[in-house]
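First comes the structure, then the notes that go with it.
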Amino acid sequence: MREEQTKTTTERLIFHVDVNSAFLSWESVRRIQEGLPDLRDIPACIGGDPTKRTGIVVAKSIPAKKCGVQTGEPVAMALRKCPNMVIVPSDFDLYVRCSRAFKKICASYTPVMESFSIDEVFLDMTGTSLLYPDPIAAAHEIKDRIYEELGFTVNIGISTNKLLAKMASDFEKPNKVHTLFPEEIPEKMWPLPVRELLFLGKASEKKLIKAGIRTIGDLAHAREADIQTLIGKKNGHQLYQYARGIDDSPVKAQPDEAKGFSAETTFNEDIISIEQVNPILLAQCDIVAARMRRKKKKCTSVSVTFRTLEFRNRSHQTKLPNATDVTDEIYHCAKQLFRESWKGEPLRLIGIAVTGLTEDDFEQLSLFEDPEKKEKSRKLDAALDAIRQKYGNDKVTRASILNGTQGIARKAKAQMKNDDNIRKNIKH
DNA sequence: CTCGGCATCCTAT
DNA sequence: CTAACGATAGGATGCCGAG
C-alpha cells in the first residue's frame with residue numbers, strides 16, 4: 001500500500017470538501033421540507049431578475065447545465081437556451097445557515113479546518129490514521145453523513161496538498177470521492193486543459209494556447225523561464241509548480257485578517273448626474289465603515305471605482321492623513337475622489353473600497369480635525385450601529401433611513417436592493 | 001537608483 | 001457578432017514621482 005512506501009515525516013493528507021451546486025442544493029433542501037419539487041432534478045438556477053441587467057446565473061442544476069446554461073451568464077441569455085428553466089432568487093441568510101451546519105460536521109473530523117469559501121473547506125487529516133486508517137473510507141463517511149444529516153451532496157478530493165485535493169474534488173460530480181495523489185498526476189491531471197488548473201484564468205489561458213501549451217501536462221513539461229516570460233515572473237513560477245503538483249501552503253485554521261472592505265453596485269439605469277452619485281456613495285461608505293467598526297479596524301486609504309457603459313473600469317484612490325472608521329469622513333473623501341476622476345460619462349457601476357486597515361487602538365487626533373464635528377459623526381455612527389445590532393448587521397443603511405424624505409435616496413435604495421441579498425430594508 | 005503610491009489587470013468564489 | 005454580464009476579496013505588475 002502507498003502508506004508504507006511514502007510515509008515520511010513531511011507527507012500530509014489533505015481533503016477538499018466542496019458542496020455540489022451549493023446555492024441550488026441548499027434551496028432544494030428547503031423546498032423539499034416545504035413539500036416542493038427538488039430543483040436538482042429539473043432545469044433550474046439561482047439567479048437574478050432577467051429583466052434587470054444585473055441578473056446573472058449564480059448556480060445551476062445538472063439538467064440546466066445539459067441545456068448549456070453556464071454560471072455567470074445573464075439570466076436572460078440562459079432563458080433563451082433553456083426556456084422552461086425555473087429561476088429562484090438567492091437567499092443569503094439561508095446559505096449562511098447551511099454553510100455553518102456543513103462546516104460543523106467537517107470540523108468534527110479534524111482540528112485543522114480551513115474555510116475556503118461559503119461552500120468549501122480544506123481538512124488537514126495528517127495524523128488521523130489511528131482514528132481513520134483508510135482515507136477514502138473516511139471521506140465517504142464525511143460525505144454520507146452530510147447527506148444524511150443535511151440533505152445535500154458534496155464532492156471530496158484527497159491528496160497530499162491543497163492544490164491536488166482541490167483539483168480532485170473537481171473531478172466527476174456530484175456526490176463523489178476522488179484521489180489525486182502525486183503518482184496519479186500524469187494520468188489524472190496532465191491530460192486536462194490548462195484552464196482547469198487553479199489560478200489559471202482566461203487571460204493566461206489565451207497566452208499559453210497561443211504558445212502551443214494546451215494541457216496541464218504541456219505546462220509541466222515546458223521550460224519555466226518560457227512560462228514566466230509568457231504570463232509573468234511570479235504567476236509563471238506558481239502555475240509551473242502547480243502543473244507539477246507542487247504546493248506547500250498550509251491548511252489555515254485561522255482566517256487571515258481582512259486587508260480591506262469594499263462595496264459596489266451595478267444599476268439598472270445609467271448614472272448621469274452627480275446628484276445620483278452622492279447618495280450612492282454615502283450608502284456604500286456607510287456599509288464599509290460599519291464593517292470596519294464591527295471588526296475594530298480603521299482604514300488609511302480610500303478608493304472609488306466606476307464602470308462605463310463600454311465596461312471600461314476606472315479607479316482613483318488616496319491615502320488619508322489619519323486612520324478612520326467614521327462614515328462621514330470616508331464619504332467626504334469618496335465624494336472628492338469621485339469628483340476628481342469622473343468626466344461625466346454615463347456609468348453602470350459605482351463602488352468604493354477601503355484598504356490599509358489598522359487596529360483601532362487609540363484615538364489619533366489630527367491638528368486639522370474638528371473634534372466637535374467628529375464627535376457628532378461618531379454618535380450618528382453609533383446610533384445606526386445600535387439599530388444594526390437590533391435588526392441584524394447589514395440590514396440598515398442610511399439610504400433606507402432616508403427613504404421617503406429624499407427622492408434620490410429612495411431611488412438609490414431601490415437600486416441597491418436588487419443585488420444585495422444580505423441587505424434588506426428596515427421597514428416591512 | 002529604489003521605494004511607495006497608484007491604476008489596472010487577473011483570478012477566485 | 002463580440003465581450004462581459006455580479007459582489008467581494010486578494011495579489012501581481014508596471015508606471016511615476018520623490019528622495
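Every chain is numbered from 1 and lettered A, B, ... according to where its sequence line falls, protein lines coming before strand lines. All values derive from a computational prediction rather than experimental measurement. Atoms considered below: every heavy atom in the structure, side chains included; atoms not considered: hydrogens, waters and symmetry mates.
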Interatomic distance, Lys295(A) NZ vs dA9(C) P [rounded to whole Å]: 10 Å
Under-4.0 Å side-chain N/O to phosphate OP1/OP2 contact, Arg307(A) with dC5(C): yes
Whole angstrom value for the distance that separates P of dA3(C) from CG of Asn313(A): 17 Å
Thr266(A) side chain near dG6(C) phosphate (N/O to OP1/OP2, under 4.0 Å): yes
5′-ward residue of the pair Ser262(A)/Lys202(A) relative to DNA chain C: Lys202(A)
Comparing Gly72(A) and Glu257(A) on DNA chain C - which has the more 5′ nearest nucleotide: Gly72(A)
Nearest to side-chain heavy atoms of Arg348(A), which nucleotide of dT13(B), dA7(C), dC5(C): dC5(C)
Separation of dA12(B) C1' from Tyr242(A) OH (nearest whole Å): 11 Å
Residues in contact with DNA chain C, drawn from residues 209-234 of chain A - heavy-atom cutoff 4.0 Å: Gly232(A), Lys233(A), Lys234(A)
Distance test, side-chain N/O of Arg195(A) to OP1/OP2 of dA12(B), below 4.0 Å: yes
Parallel, tilted or perpendicular, as decided by the 30° and 60° cut-offs, for the rings of Phe122(A) and His16(A): tilted
OP1 or OP2 of dG5(B) under 4.0 Å from side-chain N/O of Lys319(A): yes
Ser204(A) side-chain N/O to dT11(B) phosphate OP1/OP2 under 4.0 Å: yes
Of the listed nucleotides dC6(B), dT8(C), dG6(C), the one nearest the side chain of Ile56(A): dG6(C)
Arg314(A) side-chain N/O to dT8(B) phosphate OP1/OP2 under 4.0 Å: yes
Shortest side-chain distance from Phe261(A), nucleotide among dC10(B), dA9(C), dG11(C): dA9(C)
Proximity to the side chain of His316(A) - top-ranked nucleotide from dT11(B), dA4(C), dA7(B): dA7(B)
C1' spacing across the pair dA3(C) / dC10(B), given as an integer number of angstrom: 16 Å
Steps toward salt bridge (Lys or Arg N to Asp or Glu O under 4.0 Å) verdict (Lys202(A), Glu205(A)): CA-CA 5 Å; Lys202(A) 205 191 309 196; Glu205(A) 178 194 30; over 6 Å; no
Over 12 non-hydrogen atoms of neighbours within 6.0 angstrom of CD in Glu34(A): yes
Distance-only polar pair, side chains of Thr324(A) and Glu329(A), donor-acceptor under 3.5 Å: yes
Ring-face cation contact, Tyr331(A) with Lys335(A), 6.0 Å cut, 45° max: yes
